[in-house]
*Asks:* 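Shown below is the structure under consideration.
One-based numbering, in listed order, for ligands and for the atoms of each. For the single chain, residues carry numbers from 1 onward in sequence order.
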Amino acid sequence: MFQLSEQSLQIQDLARSFARDAVLPGAAERDLSKKYPAELVGQLGEMGFMGMFVPEEYGGFGLSILDYVLALEEISYADASLGVVMSVNNSLASSPIINFGTEAQKQKYLPKMASAEWIGCYALTEPSAGSDAAAQKTKVTVAENGDYILNGTKMWITNGPQADVAVVYASMDPEARHKAVCAFIVETASPGFKVGKIEPKLGLSSSQTAELIFEDMRVPKENLLGVEREGFKVAMGTLDGGRIGIAAQSLGIAQRAFDLGLAYAKERVAFGRPISSKQAIQWMLADMATRIEAARLLTWKAATLKDKGERASQACSMAKLYASECANFCADKALQIHGGYGYSKEYEVERLYRDARITTLYEGTSEIQRLVIAKSLIAD
Ligand code: CAA
C-alpha cells in the first residue's frame, strides 16, 4: 500500500486548491473559445509546476516524478487541456535536457523552462512517422563548421505554437531507421523555423497542437542533445516518462467524470427515487471507482520505479494503457448516467468525453503500449 510522504501530500493539496479555485471555473469557457491559457501557465510556472523535477541548481524544485503525477492529476481534473501543456513542458521537453543535456544546455534552458518563461515542446511525430517513430523523414545534414541543418515537417506537436524551445528529432539517413536518429534542442526564434497548420481537434481545445516546419534551419552544433545517431534512445526514454504523465492526466479526467456521475446519480430522480438507488447505475459507479483505483496504483508504481532511476518501460506503458482506457470508460459511463443531458455542451461530462479520447492515442496508442509491454514480457 502506498503511503504518501508529508511533502507529497502538501504538493497534492496545493495543486488541488489551485486547480479547483483557479482552473476549473474557466475550463468550459476556454474549451469553447479554444483560447490558450497563457495566464494559468504562467501561474503554474510561478508555483514550480512547470519544472517539477528540474533540479534546484537549474531553477526547478527537484521534486519526484510521484509528486509530479499527484499534481498533474489535480490540474487535469480541472482542465485536461492545461494538464497536457504542463505534462509536455515537464516530461517531454525538460526531462530529456535533464537526462541527456550538457552542463551548458542545462544552465541555458532549464531555468527558463521551469519558470514557464520559455515553453517547451517535443517534436518527434511526422505525417508518416506516428506509431513507427523510427521512420523519421526530417533530414539533418552537417554544415562545414559542424553545425546541423534541419529540413522536414513535424505534426501533432502539443505546445507547438507557443514553444520557445523544441526537442526535435531528425535522421542522418532515413534508410538506417533508429540507428541514424539525432536529437536537438531547437530555439524556435531562429530562422528556418515556422509553425504550420494548427489542428482543429475533437477535445483538449485550449491546448494547441501544430505542424512545425523546418526549412534549412541551422542548429548550432552545441545544441545536439546526447550523442549523434543515438537520438532514438533519447526519444524512447523520454516517452517512458511522458507516458506516466498521460496516465496522470487520464486519472484526472476519470476522477472528475466519476465525481460528476456520482453527484448526478444522487440528485436525479426517476421512477420516484434517485437513480443512484438503481443497480444499473450502482454497477457503473462501482466499475468506475475500481478502475480508477487500479489505474492510480499502476501510475504511482510506474512513477516510483522511474524515481529509482530504473528503466521502467513496461510499468510506464501499463500505467498509460490502463489509465487512458479507464478515462474513456469513466467519461462514457458518466455521460450515460447523465442521460440526454450528458450530450449537451452545457454539462461538463460532454467535454470530459471529448478530452478523454486523445489519451489512448497520443504518446503511443493503446496498441503501441501493448506492443511495448509484450516485448518486455517476451524478453524477460
Ligand atoms: N528506452 C531506451 N531505449 C529504448 C527504449 C526505451 N524505452 N525503447 C527502445 N529502445 C531502444 C532499443 O533498445 C533499441 O536499441 P538497440 O538498437 O541498441 O537495440 C532501439 O531503441 C530500437 O528499439 P525497437 O527495435 O524496439 O524500435 P522499433 O522501431 O521497433 O519501435 C516502438 C518501437 C515502441 C514501436 C516505438 O517506435 C514507439 O514507441 N512508437 C510510438 C511513438 C510515440 O509514442 N509517439 C508519440 C509522440 S509524442 C506525442 O504524442 C505528441 C505530443 O505532443 C503529446
*Asks:* Do Gln282 side-chain atoms and Ser276 backbone N/O form a donor-acceptor pair below 3.5 Å?
*Replies:*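 Judged by distance alone, yes, a pair lies under 3.5 Å.
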
*Asks:* Are any of the side-chain nitrogens in Arg291 or Glu325 under 4.0 Å away from the carboxylate oxygens of its partner?
*Replies:*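 No, no charged N to carboxylate O under 4.0 Å.
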
*Asks:* Do ligand 1 and Glu363 have nitrogen or oxygen atoms that lie under 3.5 Å from each other?
*Replies:*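 The answer is yes, given that Glu363 and ligand 1 share an N or O pair closer than 3.5 Å.
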
*Asks:* Would you indicate which of Glu126, Gln314, Lys154, His178 comes nearest to atom 17 (O) of ligand 1 when only heavy atoms are counted?
*Replies:*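 Looking at heavy atoms only, the winner is His178.
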
*Asks:* Taking only heavy atoms of Thr125 into account, list the atoms of ligand 1 that are under 4.0 Å away from them.
*Replies:*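 Per the distance check, 47 (C).
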
*Asks:* Of all the atoms in ligand 1, which lie at a distance below 4.0 Å from a heavy atom belonging to Arg177?
*Replies:*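 Within the 4.0 Å cut-off of Arg177, ligand 1 contributes 29 (O).
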
*Asks:* Verify, without hydrogens or angle tests, whether Ser95 (side chain) and Leu92 (backbone) share a donor-acceptor contact under 3.5 angstrom.
*Replies:*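 Side chain of Ser95 to backbone of Leu92: no pair is present.
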
*Asks:* What atoms of ligand 1 come within less than 4.0 Å of a heavy atom belonging to Tyr362?
*Replies:*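 Atoms satisfying the 4.0 Å criterion: 50 (O), 54 (C).
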
*Asks:* Taking atom NZ as the centre, does Lys201 end up with more than 12 heavy-atom neighbours from other residues, nucleotides or ligands that are less than 6.0 angstrom away?
*Replies:*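 Correct, the count exceeds 12.
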
*Asks:* Going by the closest heavy atom to atom 36 (C) of ligand 1, which one wins out of Gln249, Glu367, Met236?
*Replies:*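 When every heavy atom of Gln249, Glu367, Met236 is considered, Met236 comes closest to atom 36 (C) of ligand 1.
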
*Asks:* Need the ligand 1 atom indices (1-based, order shown) with element for anything under 4.0 Å from a heavy-atom of Val372.
*Replies:*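 Reading through ligand 1 atom by atom, the close ones are 34 (C).
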
*Asks:* Just to confirm, does any protein heavy atom lie below 4.0 Å from atom 32 (C) of ligand 1?
*Replies:*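 No, because not a single protein heavy atom sits under 4.0 Å from atom 32 (C) of ligand 1.
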
*Asks:* Give a yes or no on whether a salt bridge exists between Glu126 and Lys137, defined as a side-chain N under 4.0 angstrom from a carboxylate O.
*Replies:*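 Salt bridge absent between Glu126 and Lys137.
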
*Asks:* Looking at Arg20 and Glu74, does any basic side-chain N land under 4.0 Å from a carboxylate oxygen?
*Replies:*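 Yes.
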
*Asks:* Is there a nitrogen or oxygen of Arg243 sitting under 3.5 Å from a nitrogen or oxygen of ligand 1?
*Replies:*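 By distance alone, the answer is yes.
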
*Asks:* Between Phe232 and ligand 1, find which residue part has any heavy-atom pair under 4.0 Å and reply side chain, backbone, both or neither.
*Replies:*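 For Phe232, the contact with ligand 1 is made by the side chain alone.
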
*Asks:* Does atom 12 (C) of ligand 1 have any protein heavy atom closer than 4.0 Å?
*Replies:*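 Flag for atom 12 (C) of ligand 1 set to false, no protein heavy atom closer than 4.0 Å.
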
*Asks:* Please list, in number order, the atoms of ligand 1 under 4.0 Å from a heavy atom of Gly130.
*Replies:*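 Once the distances to Gly130 are compared, the set is 42 (C).
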
*Asks:* Starting from atom 15 (O) of ligand 1, which protein heavy atom do you reach first, and at what distance in Å?
*Replies:*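 Minimum-distance protein heavy atom for atom 15 (O) of ligand 1 reads Lys233 CE, 3.3 Å.
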
*Asks:* Between Gln369 and Glu363, is there a donor-acceptor pair closer than 3.5 Å when you use the side chain of the first and the backbone of the second?
*Replies:*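 Yes, because the side chain of Gln369 sits within donor-acceptor range (under 3.5 Å) of the backbone of Glu363.
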
*Asks:* Side chain, backbone, both or neither: which part of Leu239 comes within less than 4.0 Å of ligand 1 when only heavy atoms are counted?
*Replies:*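 Side chain only; the backbone of Leu239 stays clear of ligand 1.
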
*Asks:* Out of Glu187, Glu103, Glu222, which one pairs with Lys108 under the side chain to side chain donor-acceptor pair (under 3.5 Å) rule?
*Replies:*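 Per the side chain to side chain donor-acceptor pair (under 3.5 Å) rule, the option paired with Lys108 is Glu187, out of Glu187, Glu103, Glu222.
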
*Asks:* Students should be able to answer this: which protein heavy-atom is nearest to atom 7 (N) of ligand 1, and at what distance?
*Replies:*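 The closest one turns out to be Asp240 OD2, 2.9 Å.
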
*Asks:* Taking atom types as modelled, find out whether Gln136 and Ser171 have a side-chain donor-acceptor pair closer than 3.5 angstrom.
*Replies:*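 The answer is no; no qualifying pair exists.
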
*Asks:* With rounding to the nearest 0.5 angstrom, report the SG to CD distance, Cys182 to Glu230.
*Replies:*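 Between atom SG of Cys182 and atom CD of Glu230 there are 9.5 Å.
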
*Asks:* Please list, in number order, the atoms of ligand 1 under 4.0 Å from a heavy atom of Lys375.
*Replies:*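 In order of numbering, the contacting atoms are 24 (P), 25 (O), 26 (O), 30 (O).
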
*Asks:* Do ligand 1 and Gly364 have nitrogen or oxygen atoms that lie under 3.5 Å from each other?
*Replies:*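 Looking only at distances, the answer is yes, because the N/O contact criterion of under 3.5 Å is met.
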
*Asks:* Under 4.0 Å between a Lys/Arg side-chain N and an Asp/Glu carboxylate O for Arg354 and Asp31?
*Replies:*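 Counted as a salt bridge, because a side-chain N and a carboxylate O are separated by less than 4.0 Å.
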
*Asks:* Cut-off 3.5 Å, side chains only: do Tyr109 and Asn223 have a donor facing an acceptor?
*Replies:*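 Result is yes, a qualifying pair exists.
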
*Asks:* Given Ala134, Ser131, Cys121, which has its nearest heavy atom closest to atom 35 (C) of ligand 1?
*Replies:*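 Looking at heavy atoms only, Ser131 sits closest to atom 35 (C) of ligand 1.
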
*Asks:* What protein heavy atom is closest to atom 8 (N) of ligand 1, reported as residue, atom name and distance in Å?
*Replies:*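 The answer is Arg311 NH2, 3.3 Å.
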
*Asks:* Do protein heavy atoms approach atom 19 (O) of ligand 1 to less than 4.0 Å?
*Replies:*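 Protein heavy atoms within 4.0 Å of atom 19 (O) of ligand 1 - there are none.
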
*Asks:* Between Asp355 (side chain) and Gly203 (backbone), is there a donor-acceptor pair under 3.5 Å?
*Replies:*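 It does not hold such a pair.
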
*Asks:* Less than 4.0 angstrom from a charged side-chain N to a carboxylate O is my criterion; do Glu175 and Arg177 meet it?
*Replies:*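 Looking at Glu175 and Arg177, the cut-off is not met.
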
*Asks:* May I ask you to identify the nearest protein heavy atom to atom 51 (C) of ligand 1, giving residue, atom name and distance to one decimal place in Å?
*Replies:*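 Closest protein heavy atom to atom 51 (C) of ligand 1: Trp156 O, 3.6 Å.
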
*Asks:* For ligand 1, which atoms, with element, lie under 4.0 Å from some heavy atom of Ser313?
*Replies:*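 Reading through ligand 1 atom by atom, the close ones are 7 (N).
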
*Asks:* Please identify which atoms of ligand 1 are closer than 4.0 Å to at least one heavy atom of Thr158.
*Replies:*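 It comes down to these atoms of ligand 1: 52 (C), 53 (O), 54 (C).
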
